[in-house]
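Sequence lines set the chain letters: A, B, ... in the order given, protein chains first and strands last, and positions in each chain run from 1.
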Amino acid sequence: MKFGVVISEGPYTHQAADSAFHFVKSAIAKGHEVPRVFFYHDGVNVATRLSVPPQDERNIQENWSALAKEHGVDLVVCIAAAQRRGILDDNEAKRQGKDASNIAEGFRISGLGQLIEMGIQTDRLVTFGD
Amino acid sequence: MKFGVVISEGPYTHQAADSAFHFVKSAIAKGHEVPRVFFYHDGVNVATRLSVPPQDERNIQENWSALAKEHGVDLVVCIAAAQRRGILDDNEAKRQGKDASNIAEGFRISGLGQLIEMGIQTDRLVTFGD
Amino acid sequence: MSEVKKFLYVNRKAPYGTIYALEALEVVLIGAAFDQDVSLAFLDDGVFQLTKGQNTDGIGVKNFSPTFRALGDYEVTKLFVEQESLDERGLTTDDLQEVTYEDEDDDWAEKPSIRVVSRAEMADIMANQDVVLSF
Amino acid sequence: MSEVKKFLYVNRKAPYGTIYALEALEVVLIGAAFDQDVSLAFLDDGVFQLTKGQNTDGIGVKNFSPTFRALGDYEVTKLFVEQESLDERGLTTDDLQEVTYEDEDDDWAEKPSIRVVSRAEMADIMANQDVVLSF
Amino acid sequence: MSTLHTVNKSPFATGALVSCLDHCKDGDAILMIEDGVYGGLTGTTVADRVQQKAGSVAIFVLSPDADARGLATDRLLAGVNGVDYDGFVDLVADHDRTQAWL
Amino acid sequence: MSTLHTVNKSPFATGALVSCLDHCKDGDAILMIEDGVYGGLTGTTVADRVQQKAGSVAIFVLSPDADARGLATDRLLAGVNGVDYDGFVDLVADHDRTQAWL
């Protein structure tokens, strides 16, 4: 079965990104497909590569990047939500006249249409938020 | 009178940073001192200079940076909270081996001791959070 | 696109204190381009999103409540508001702004988009969807 | 430092679902170095922070509950827990972990740091502070 | 010695206002800000609890937040008064401490 | 046609669980995750409301979240059962839609 997943809250502050991670891992291990995870609201903050969690804590961004690489999950960050919150890729940084970008490997910035498309093309949609 | 202010939530997502801004402006206009504002939890996300809000919305980071410049308010971002969430200055970026920083003008990264010190040295402490 | 899915946007939070209401509306506007069967549910504090007379000048935040009135132009015409949620908050439909659409199947007659439903009806609406997005 | 202020850390949120409990504890640990008069209040869902038997292996998040037991070493010895908050959640003091400190004024006798108080007493404690930090 | 309590959550969404009402003391003040302003409305499921306290505790709503949410002044409970940000500042100065019910 | 409802908030902090209980239908399932697991406890102010639904609605807590919070299995209401993340996945697959009560 195809699952779409929405993450609506930022890393560490809320458990949403952790819960979603364990859920997606289990879903894939059980033979389901998770073609896309959509990051919305503060969820876009999961995508920063500048995060430096304490050594004895999990690295939420790295976990997602690794999962995406291993299983081909499309990690989409909402562009409008990301702009408000200061999550940029190189293209966006250039376009907005900013001197740095901060998006991590495996994440890509795109529009809200990708969320609707995910809702249309998957069999189930699961939201992790606040 | 001396006011200390704590902001515990991120910009745009929660109203905290807006409410605090209006409060601090009024306090200063009424002749009070606001020597320091401390950004904790997701409040550290106010400090990113990479934010690009829509043209017809307020720019929360720029508002704070301007207020700090005009009135000498010390905008302190908690280092531990900032590291988890990917808010870095140049020094921290170098120290952590990261290829970019994202802190805005007028904000500085420091320890939680600055929060306690603010509580000791001000007459009133006001918290804006979730 | 052959398949039309029923999308429900569930709004349970008040406006301005948090961004969920505004960013939910942004999804609805983009989603309207996809020609799905769209409904919006307003229950619990979500009913506060539709109050009339919102004036955000004093808090320096954009007033997005007029956008609800534009939804008809996007063919988003089903805004279900829960009666019990209004009652608990001391509100009546008179406290809500008018949102209308022009019904192309009825000679473009102007009709109300807001439909007040009971809690039981809201539960039925929720149970009759393909995709539920919660804000 | 001549002036000693009374600091109260108010904990009203459950652990793990959000980071507030953990980051509150980080403030308490740093604050302990400042030689102020420190108290912690646990009420509403904050009482859940002190439950025993927490095991976070299954959620991949660090278990910080043992840190409460270290507070005595930092001379943080007043952890006020509200009885009514426990009652409403079906908890008794038996569900809480033991937190103790060694009382230097009483020949280093080991004493409990957790003091269960009524809601009225909690209100009195809150009203008797110089600085209240809420999490 | 008295306290200014701030409540920024809707009383229909979280327990913050009720907990605040249960812990404030005679002579304290409560200022409802952000989504907290809904706690000042008449005819709600919490109106009686708020009204009961309004005698012994001064209760305010932050008017800019009430305006943003379309709450007309005549919908506020008797004894619940509006203040602007300057009034907020005065309330902080006039009480010995501020406690936020987050 | 049935729904899996997820509740991730403590019932003592927000109204999400109660609203979910008020809107779910016979044959639906409720999965309490994150701070939502406290809704499965015995002897609480919401226990009766949860217990009442447990006949017509299948109620679960996510065990890893219950364990993290120190909730022993014998403290869960009768009819409230634990599942792990694999069980969560099965619940999603077995119901026609998932609705999150945020």
Side-chain angles (χ1 to χ4, degrees), chain C residues 10-25 41-69 79 81-99 114 119 122 134-135, chain E residues 6-18 20 31-51 54 59-89 100-102:
Chain C
V10 177
N11 296 283
R12 294 185 51 251
K13 293 180 184 152
Y16 307 119
T18 53
I19 203 172
Y20 304 104
L22 168 61
E23 289 193 331
L25 202 46
F42 297 86
L43 65 155
D44 297 334
D45 276 355
V47 300
F48 284 131
Q49 295 181 26
L50 296 171
T51 55
K52 62 185 171 197
Q54 297 180 16
N55 177 348
T56 59
D57 291 349
I59 58 169
V61 169
K62 188 183 159 191
N63 178 357
F64 61 90
S65 66
T67 309
F68 289 112
R69 295 200 294 275
L79 277 62
V81 175
E82 189 178 273
Q83 182 69 58
E84 286 87 342
S85 296
L86 292 173
D87 295 344
E88 290 159 2
R89 287 156 185 81
L91 300 178
T92 68
T93 47
D94 286 348
D95 296 308
L96 306 184
Q97 61 173 331
E98 258 191 282
V99 181
I114 292 181
R119 186 157 284 165
M122 185 62 88
S134 302
F135 296 96
Chain E
T6 60
V7 176
N8 74 322
K9 287 296 180 311
S10 161
F12 317 109
T14 83
L17 176 62
V18 168
C20 173
L31 174 61
M32 299 166 174
I33 68 169
E34 302 176 358
D35 290 346
V37 296
Y38 296 118
L41 278 175
T42 53
T44 74
T45 49
V46 297
D48 281 352
R49 298 189 76 149
V50 176
Q51 192 78 79
I59 304 184
F60 302 92
V61 300
L62 191 63
S63 298
D65 277 321
D67 294 345
R69 290 157 182 82
L71 309 193
T73 311
D74 62 3
R75 297 299 289 276
L76 293 181
L77 288 162
V80 174
N81 296 301
V83 293
D84 58 11
Y85 285 104
D86 281 357
F88 185 173
V89 170
W101 293 81
L102 303 178

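For the residue pair C:Arg89 and E:Phe12, the shortest heavy atom distance occurs at NH2-CB, 3.3 Å. Here the closest non-hydrogen pair linking C:Asp45 and E:Ser10 is OD2-OG, 2.5 Å. When all heavy atoms of E:Pro64 and C:Gly58 are compared, the closest pair comes out as CB-O, 3.7 Å. Residues C:Gln54 and E:Arg69 approach most closely at CG-C, 3.9 Å, considering heavy atoms. The minimum heavy-atom distance between C:Pro15 and E:Asp35, with the atom names listed, is O-OD1, 3.3 Å.
Each of E:Ala13, E:Gly43, E:Ala72, E:Ala68 has some count of heavy-atom pairs under 4.5 Å with chain C, and the biggest count is that of E:Ala68. Chain E forms more heavy-atom pairs under 4.5 Å with one residue of C:Thr18, C:Asn55, C:Asn63, C:Val61 than with any other, namely C:Asn55. When each of C:Thr56, C:Asp44, C:Ile59 is scored by its heavy-atom pairs under 4.5 Å with chain E, the top score falls to C:Ile59.
Using a 4.5 Å heavy-atom threshold, the side chains of C:Leu91 and E:Arg75 count as touching.
Atom CG of C:Asp87 is separated from atom OG1 of E:Thr44 by 12.0 Å, given to the nearest 0.5 angstrom.
Between C:Phe48 and E:Tyr38, the ring-plane angle classifies as parallel under the 30° and 60° cut-offs.
Side chain of C:Thr51 to backbone of E:Leu71: no donor-acceptor contact under 3.5 angstrom is found.
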